[in-house]
Amino acid sequence: MKAIKIDVLTLFPDMFSAVMSESMMWKARDQGLLDFQVHDIRDYAGNRQRKVDDAPYGGGGGMILKADVLTRAIEAVKAEDGAPVILLSPQGRLLRHEVASELSQQPRLILVCGHYEGVDERAIELAINDEISIGDYVLTGGELAALVLIDAVVRLIPGVLGAEGAQQRDSHADGALEGPHYTRPSAFRGLGVPAVLTSGHHAEVDRWRRRQALKRTWERRPDLLLNAPLDDDDRAYLAQLEDAAGD
């Protein structure tokens with residue numbers, strides 16, 4: 001049974017309590033698929049005031065997380081197992097499905113949540129292996145970003161979602177967005193369900209879903225189609241969409 005261990009270093013450990021005790025994260029932990037630990041960076045401050053930040057050299061606004069404190073915390077948690085240490089940062093590589101899939105293959109991840117104005121660069125040089133961003137915007141700290149990364153990674157662990165193969169049907173898993181979904185009731189406020197979904201013809205259902213996924217991707221995120229794995233039928237359908245749009 002594949003499992004993953006995730007350690008988080010943060011100044012605000014209570015931010016993780018609710019999310020990691022609900023839904024799929026609770027299920028993963030309960031089934032032994034996820035070993036999750038939170039570590040308070042302040043425990044490694046080395047001073048009575050538990051001070052972890054200081055003013056930046058050269059002036060400027062904000063405070064900087066100290067290199068000695070953060071490096072000491074990372075080294076204490078990492079021990080000698082060689083686990084990758086990831087700083088959640090708006091300067092990091094973008095968290096995409098491929099990155100989440102890559103990280104889900106690791107037996108252990110150590111996530112570092114920055115705060116204040118930033119992190120002393122020497123801590124990054126000495127103790128950080130990777131930097132990951134969840135988008136082109138800035139948050140007040142790395143905690144929310146860490147939760148997003150954890151969810152994206154853990155749901156890829158076999159057994160977490162329950163439904164076999166569910167991860168492969170997600171948006172972005174095959175380079176395209178998911179198409180529309182329907183369930184009971186069959187009619188709602190004058191809107192019905194596409195007849196193919198109740199036809200019982202599984203091949204036709206699969207073909208309809210694939211085409212709906214391609215159509216939605218073509219309409220909303222055409223950039224994804226540049227690198228998506230497409231067969232001849234996919235390309236022919238996309239060409240039909242292009243022709244129809246040009247009429």
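For the single chain, residues carry numbers from 1 onward in sequence order.
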Chi angles and distances behind the side chain to side chain contact (heavy atoms under 4.5 Å, CB included) call for D234, R210: CA-CA 8 Å; D234 293 337; R210 177 59 176 171; 3.0 Å; yes
Spatial distance of atom CG (L241) from atom CG (L225) [nearest 0.5 Å]: 9.5 Å
Minimal non-hydrogen separation, R29 against M20, with atom names: NH1-O, 3.0 Å
From Y116 atom OH to I64 atom CD1, the distance as rounded to the nearest 0.5 Å: 11.5 Å
Working for side chain to side chain contact (heavy atoms under 4.5 Å, CB included), residues L11 and L65: CA-CA 10 Å; L11 296 172; L65 196 56; 4.3 Å; yes
Exercise: identify the closest heavy-atom pair between L9 and I74: CD2-N, 3.6 Å
Passing candidate, side chain to side chain donor-acceptor pair (under 3.5 Å) with D7, options R108, Q37, K78: R108
Point-to-point distance, once rounded to the nearest 0.5 Å, from OH of Y237 to NZ of K215: 6.0 Å
Salt-bridge criterion met for D68 and R122 (N-O under 4.0 Å): no
Sub-6.0 Å ring centroid separation between H39 and Y44: no
Nearest-0.5 Å distance, CD1 of residue I150 to CG of residue L103: 11.5 Å
R216 CZ: over 12 foreign heavy atoms closer than 6.0 Å: yes
Test log, rule side chain to side chain contact (heavy atoms under 4.5 Å, CB included), inputs D43 and R50: CA-CA 7 Å; D43 291 342; R50 304 182 81 205; 2.5 Å; yes
Salt bridge (Lys or Arg N to Asp or Glu O under 4.0 Å) assessment of K66 paired with D53: CA-CA 5 Å; K66 291 163 60 68; D53 63 324; over 6 Å; no
Heavy atoms of other groups near D136 CG, more than 12 under 6.0 Å: no
Test salt bridge (Lys or Arg N to Asp or Glu O under 4.0 Å) applied to E102 and R93, step by step: CA-CA 13 Å; E102 166 202 322; R93 57 180 178 140; 2.9 Å; yes
Check ion pair R235-D232 (N to O, under 4.0 angstrom): yes
Member of L144, V99, L88 meeting the side-chain contact (heavy atoms from CB on, under 4.5 Å) criterion with L149: L88
Derivation of the side chain to side chain contact (heavy atoms under 4.5 Å, CB included) call for E117 and M63: CA-CA 5 Å; E117 179 64 20; M63 302 290 279; 5.7 Å; no
Euclidean distance, L109 CG relative to F36 CZ, rounded to 0.5 Å: 11.5 Å
A100 to A152 - nearest heavy-atom pair and separation: CB-O, 3.9 Å
